[in-house]
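The structure under discussion appears below in the form of structure tokens.
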Amino acid sequence: MSESTIKPPKKYTGPVKWMRTHLFSTWYNTLLTLVVGYVLITNVGPLLNWLLFDATFQGAGPEDCVGEGACWLFINQRLNFFIYGFYPDELQWRVDVMFALLAVAFVPQFIERFPGRKWLGIFGMTGLPLIGYILIPGGILGLEAVESSKWGGLMLTLILAYIGILASLPIGVLLALGRRSDMPIIQGLCVVFIEVWRAVPLITVLFMASVMLPLFLPEGMSFEKLVRALIGITLWQSAYMAEVIRGGLQAIPRGQYEAAGALGLGYWRKMGLVILPQALKLVIPGIVNTFIALFKDTTLVLIIGLFDILGTVQSTIADPAWQNVAIEGYVFVAFCFWVFCFGISRYSQNLERKLDTSHKT
Amino acid sequence: MGTTMTQHPESKDSQAEKKPGIIRVEGMHKWYGDFHVLKDLNLAVDQGERIVICGPSGSGKSTFIRCINRLEEHQQGRIIVDDVELTDDVRHIDSVRREVGMVFQHFNLFPHLTVLENCCLSPIWVRKVPRREAEAAAMEYLERVKIPDQATKYPGQLSGGQQQRVAIARALCMKPKIMLFDEPTSALDPEMIKEVLDVMVELAGSGMTMICVTHEMGFAKTVADRVIFMDGGEIVEEAPPSEFFSNPREARTQKFLQQIL
Ligand SMILES: Nc1ncnc2c1ncn2[C@@H]1O[C@H](COP(=O)(O)OP(=O)(O)OP(=O)(O)O)[C@@H](O)[C@H]1O
Ligand SMILES: [Mg+2]
């Protein structure tokens, strides 16, 4: 094979040339550049001043927050409450262990070629929730029990989101398969389930879970409020998930079903080995969208008296000892949500790239 | 491990016991809604026989062979494959599908699996062959269709002809007694048709029972034991290729042959 000596024409991309073609190519482009530049210069400076340069990070109490900038001291001092809620101080190591395990399971997912990252991910979806189920409530294996009413803050947000995400995916898959089933009874049940849950606002579901569910349960059977909220969130979310996945199932050509059938694969193997891997891959963006929405929707548990991260911050803002810290509080909450949701989004993009075997050109 | 082209596991047993009537279709009818697609089909195929089905578009050829592994359901009459009658009983359907391989016009490879995984999937999950054994067997079949070097690629990276050969290897990996082909070459560019036909001719030489829907009349002449002509959902004529091509009895057959030859 002879190597071609002709190189593709080089595009000159010096900074001046770049600016001229991208920022000042026409008079309206120039105008727009100047306006945006003005807005940036007049706003970024003060914003940075407020966020960092004039901000108070350290001190003993509210009286130290006197500067012009943000009072991060407030977050700093109440961080324990924002993360653990009312979880007893001396038992917080149990939550810390879970945070550490969460990091061990999922941080490697962002590192290409991390040894055994697949197994860590599988652990994150199986072993981790089991350990959490024992460690966080306690009450067995000599661990002191901590009632769920004491859980709160970031920890509660993560528990709600994690279990909601983990449970809604398989339930959503089953509902989606059921909705496309040949069996009229199963199909009917799935359609009714999906259409009912999807048409009800999550707030209503949560109210019903906390107020009405106990009325329907048999005598002597009761769940804690948190469990009821979790069931509500999960079922509500699985209805959405089912429709996202159904979209993927519909995109798989009939030939795939037929080829799998002709090879003698039964229904569950056909679905599990051939159809679902392709369908789920197709709808990763939709699934992740649903996950992110769920993650943020968990804050609605506020209205049934559970203190997630937003709830803990909000109740502290109302503390008369601290004044004018509302903005800092909300910025902090927004930042926490952003970190996790952005992480989910990045991970899904990694996954999509890794699973792409279509070789489209 | 390489096998030579002349010795294949199937060839031995098929020489040993040529089972008559491995496929028996008796008075079979099928409707799509009110549309009568297949009308009173009767066919008996012996083990090792090679049947070519041809006929104009829409005559029900695909529907017919898809009934043989129950990708389509028939409503009247009987289909018996290797002594198992196809009914609603899922166990019967499963056991027939294990013995009947099928190759489709559009290949229908699984795009999320490599060539080797495509071939091993069913042996591992349906026949419960250990993975290592299944892979070794799959490599032999890939060698037989002359693409062992593509084993780790994904279907999307192969040409149409290569994909169709993988599809044939995938079906053979289940060690089927019968192979069904539904226009395996009609989605291919002309230069790839030959490579697929060569594989099919070789397979026919090994004693496999085959039913091929195809318009490749050269293939029919060299390989087929019988040619079946279908039109309007009926079997119009059935004859050995020499007779079928040189001396067709029915007017409809003559007209069809004039058009395609
Ligand atoms: N799922 C279906 N529902 C209703 N009618 C169908 C369906 N599939 C096929 N048909 C009709 O049944 C008839 C036979 O179709 P079939 O695909 O078996 O024809 P064919 O002989 O294979 O044709 P071709 O050479 O074009 O592949 C056609 O008229 C077709 O329109
Ligand atoms: Mg057809």
Side-chain angles (χ1 to χ4, degrees), chain A residues 118 121 169 173 176-178 180-186 245 247-287 348-361, chain B residues 62 65-66 68-73 88 90-91 93-115 117-128 152-158 163 166-167 170-176 178-182 187:
Chain A
K118 185 173 138 202
L169 187 61
V173 166
L177 291 177
R180 287 171 58 83
S181 161
D182 300 330
M183 287 177 266
I185 295 178
I186 291 185
I245 292 166
L249 290 175
Q250 263 162 355
I252 304 300
R254 214 176 97 190
Q256 294 288 311
Y257 291 86
E258 290 178 348
L263 282 168
L265 296 168
Y267 178 82
W268 291 107
R269 291 200 181 112
K270 174 164 74 181
M271 290 301 167
L273 297 168
V274 176
I275 306 300
L276 280 172
Q278 296 183 59
L280 291 178
K281 192 168 80 181
L282 275 180
V283 293
I284 287 176
I287 291 177
S348 81
Q349 283 169 30
N350 273 0
L351 197 65
E352 259 178 89
R353 225 172 306 125
K354 207 183 85 191
L355 295 179
D356 184 20
T357 58
S358 64
H359 308 284
K360 290 187 203 101
T361 45
Chain B
S62 300
I65 70 163
R66 290 154 59 85
I68 294 172
N69 66 352
R70 194 81 169 182
L71 287 181
E72 301 286 354
E73 218 173 285
D88 284 331
V90 181
R91 281 165 308 172
I93 298 173
D94 285 346
S95 80
V96 166
R97 284 181 177 173
R98 275 198 292 274
E99 303 306 331
V100 179
M102 183 156 195
V103 175
F104 300 85
Q105 183 175 6
H106 295 288
F107 331 135
N108 297 350
L109 294 176
F110 306 134
H112 63 300
L113 300 177
T114 63
V115 164
E117 288 165 343
N118 262 280
C119 292
C120 295
L121 188 74
S122 203
I124 290 174
W125 289 93
V126 178
R127 289 239 191 260
K128 315 280 183 210
T152 55
K153 288 197 182 166
Y154 286 94
Q157 294 167 296
L158 304 183
Q163 289 192 48
V166 172
R170 177 177 72 176
L172 291 177
C173 282
M174 281 295 279
K175 305 212 159 55
I178 299 160
M179 286 285 284
L180 307 175
F181 293 82
D182 189 0

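Throughout, a chain's letter reflects where its sequence line sits, starting with A, and its residues are numbered from 1. Keep in mind it's a predicted model, so treat the numbers as computed, not measured.
- Around atom NZ of B/Lys128, more than 12 heavy atoms belonging to other residues, nucleotides or ligands sit under 6.0 Å away.
- Nearest approach of B/Phe104 to A/Ala259, heavy atoms of both residues: CE1-CA, 3.7 Å.
- Using a 4.5 Å cut-off between heavy atoms, B/Phe110 touches chain A through backbone and side chain atoms alike.
- Annotation: the span from B/Ile124 atom CD1 to A/Arg269 atom CZ amounts to 11.5 Å, rounded to 0.5 Å.
- Only the side chain of B/Glu72 has a heavy atom closer than 4.5 Å to any heavy atom of chain A.
- Of the residues considered (B/Arg66, B/Gln105, B/Glu99, B/Arg127), B/Arg66 shows the highest number of contacts with chain A, using heavy-atom pairs under 4.5 Å.
- Both the backbone and the side chain of B/Arg170 come within contact range of chain A, each with at least one heavy atom under 4.5 Å from a heavy atom of that chain.
- In this structure, chain A has no heavy atom under 4.5 Å from any part of B/Leu180.
- For a residue to count as touching a neighbouring chain, one of its non-hydrogen atoms must lie under 4.5 Å from one of that chain's; by this rule B/His112 touches chain A with backbone and side chain alike.
- Residues A/Leu263 and B/Leu121 fail the side-chain proximity criterion, which asks for heavy atoms closer than 4.5 Å.
- The heavy-atom pair separating A/Gly261 from B/Arg97 by the smallest distance is O-CD, 3.0 Å.
- Ranked by heavy-atom pairs shorter than 4.5 Å toward chain A, the options B/Ile93, B/Leu109, B/Leu113, B/Val100 are led by B/Leu109.
- Looking at B/Asn108, its side chain does come within 3.5 Å of a backbone N or O of A/Gly255 through a donor-acceptor pair.
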